[in-house]
Amino acid sequence: MAWVRRTLGDICCDGNGRIQTGPFGSQLHESDYSQEGTPVVMPADIVNGKISTARIVRVSESHVERLSRHKLKRGDIVYGRRGDIGRQALIRKENEGWLCGTGCLKVSLGDGPLDVEFLHYYLSTSAVIGWIEGQAVGATMPNLNTGILERIPVLYPEDKKVQEKIVTVLSAYDDLIENNRRRIALLEKMAEEIYREWFVRMRFPGHEQAKFEKGVPTDWEFSAASTFFGHVKGKSYGGSELTERPEDMPFITLKSFNRGGGYRAEGLKRYSGKFKDEQVVRRGDVVMAVTDMTQNREVVGRVARIPDVGDKGAVISLDVIKLVPKAVSASFLYSYLRLSGFGEFIKEFANGTNVLHLKPDLVTSQKLVMPPTALREKFVSIVEPTYAQIDTLNKAIDRLVPVRDLLLPRLISGKLPVEHLDIQFPPSMQDASG
């Protein structure tokens with residue numbers, strides 16, 4: 001089977017596609033953003049190969065028409081121009097008609113010989129990301145431009161059916177991973193809704209008989225956080241102590257926290273240095289981010305519950321503290337700190353010139369209102385099975401991701417041939433390929 005090597009720029013040109021820069025700052029100002037309207041994709045919205053809508057900005061229809069050349073179509077690929085320049089996202093049906101924002105680049109293949117999903121997978125390989133990083137310009141902040149993207153060497157099978165087979169294999173893994181993530185999100189939402197019903201709306205079991213004062217039941221305890229939990233500081237480290245070796249200890253850093261809170265397994269590093277036993281976390285332990293590299297406090301104050309990270313556990317970095325329960329269970333502590341608004345409140349105490357830091361003692365010195373032990377235990381008895389299901393789904397993801405990552409470079413380079421495999425295409429690809 002023939003494989004072809006061409007530059008991305010030539011492929012786009014042949015298909016009447018193009019690679020273009022998003023609108024400049026003079027064309028789209030922060031004052032143009034509105035609560036309603038068409039989403040604008042910024043570099044921060046490019047997450048795990050998709051567009052995250054967690055913090056997406058919007059503009060009115062008048063701006064969309066004015067910037068119509070920056071509209072996104074299904075099958076386009078969007079890159080961030082600065083910072084983590086290897087990340088890119090495939091524009092899917094739900095993103096069609098959105099705008100490519102300031103700080104982004106848009107790749108439109110046009111009607112060429114390359115399957116866009118094949119290209120999306122190809123661009124996500126470590127070899128291609130490394131090539132792009134090596135070409136980036138800028139001394140302090142690497143920058144991407146259209147010329148660099150145009151020069152990307154693309155190796156692909158000439159037969160488009162083979163490209164589609166490769167996509168089908170990889171997307172099967174991605175679909176399983178994504179389904180598990182959606183189930184985790186639903187389970188977390190269920191636990192959150194129970195918490196809010198009981199402890200925010202105050203419709204807990206027996207609330208009809210409870211006596212309230214200033215909106216709080218009179219039998220709830222008002223004490224310093226140190227009454228309910230203590231803290232352990234993480235381990236300082238040097239870059240030479242971070243590894244990818246599976247025999248080294250997993251290392252919990254700022255990247256281990258999801259945007260909305262909760263644990264994030266992707267990008268987990270390993271630590272080869274020395275540490276104290278108390279700096280090790282295991283399944284069910286609660287951690288908090290106490291450092292932030294951004295002045296808008298995006299990460300500091302986030303809380304995560306550690307899943308099963310192996311028999312040895314994981315080491316926490318200096319950017320993280322372990323919260324040690326005293327008079328509460330770890331499950332209730334995690335729910336309370338994440339869902340009560342405590343994380344949003346405490347992050348405002350972080351300060352620093354270049355790097356924001358939250359002093360751990362400030363966390364445990366805050367005053368908290370806690371429901372009685374019996375009510376906490378009743379809540380935990382309901383949500384603990386939910387957290388157990390989340391752990392099971394996270395373990396399934398942990399098994400799927402390495403297999404997908406192992407298959408990706410082999411399939412995308414032709415080292416693992418698929419042309420003789422009898423693969424059933426999903427309906428969407430059947431329609432596209434006839």
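Numbers here are sequence positions counted from 1.
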Test your reading of the model: is there a side-chain donor-acceptor pair from [X] to the backbone of [Y], 3.5 Å cut-off?
X	Y	result
K326	G230	no
R87	P43	yes
R264	K255	yes
H120	A89	no
Q88	V107	no
D292	V300	yes
Q279	K276	yes
K395	P307	no
R196	L339	yes
R376	P371	yes

If you take all heavy atoms of [X] and [Y], which pair is closest and at what distance?
X	Y	answer
A289	F257	N-CZ, 3.5 Å
P23	C100	CD-O, 2.9 Å
A330	G284	CB-O, 3.4 Å
M202	H207	O-CB, 3.4 Å
I56	P39	CD1-CB, 3.7 Å
R282	D285	N-OD2, 2.8 Å

Task: Between F332 and F199, ring centroids under 6.0 Å - done: yes
TODO: State yes or no: are the ring centers of Y334 and Y387 separated by less than 6.0 Å?
DONE: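 Centroid distance Y334-Y387: below 6.0 Å, so yes.
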Reported [atom1]-to-[atom2] distance for the pair [X] and [Y], which is rounded to 0.5 angstrom:
X	Y	atom1	atom2	value
L358	I321	CG	CD1	7.0 Å
L411	T125	CG	OG1	12.0 Å
L337	L368	CG	CG	7.5 Å

[X] with [Y]: basic N within carboxylate O range, under 4.0 Å:
X	Y	value
E178	R404	no
E241	K235	no
D248	R245	yes
E197	R203	yes
R92	E94	no

Exceeds 12 heavy-atom contacts within 6.0 angstrom, atom [atom1] of [X]:
X	atom1	answer
R270	CZ	yes
E247	CD	yes
Q35	CD	no
E36	CD	no
K347	NZ	yes
R201	CZ	yes
K312	NZ	yes

TODO: Dump the intermediate steps for side chain to side chain contact (heavy atoms under 4.5 Å, CB included) on E244 and K269, then the final yes or no.
DONE: CA-CA 6 Å; E244 303 287 344; K269 293 290 185 181; 3.0 Å; yes
Task: Residue among T102, L67, D32 satisfying side chain to side chain contact (heavy atoms under 4.5 Å, CB included) with Q27 - done: L67
Task: Verdict with reasoning, Y195 to S340, per side chain to side chain contact (heavy atoms under 4.5 Å, CB included) - done: CA-CA 9 Å; Y195 180 91; S340 67; 3.4 Å; yes
- [ ] Measure up the F251 and Y271 rings against each other and bin them: parallel (under 30°), tilted (30 to 60°), perpendicular (over 60°).
- [x]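 The arrangement is parallel - the two ring planes meet at less than 30°.
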- [ ] Take the angle between the ring planes of Y336 and F342 and call it parallel below 30°, perpendicular above 60°, tilted in between.
- [x] tilted
TODO: Decide side chain to side chain donor-acceptor pair (under 3.5 Å) for S62 and S60; before the verdict, give the C-alpha distance in whole Å, the side-chain angles of both, and the deciding distance to 0.1 Å.
DONE: CA-CA 6 Å; S62 61; S60 64; 3.0 Å; yes
Open item on the list: Evaluate L407 against Y173 for side chain to side chain contact (heavy atoms under 4.5 Å, CB included), listing each step before the verdict.
Closed with: CA-CA 10 Å; L407 283 173; Y173 281 90; 3.5 Å; yes
- [ ] Could you give me the CA-CA distance, side-chain angles and deciding distance for L408 and Y121, then say whether side chain to side chain contact (heavy atoms under 4.5 Å, CB included) is met?
- [x] CA-CA 7 Å; L408 176 59; Y121 280 118; 3.9 Å; yes
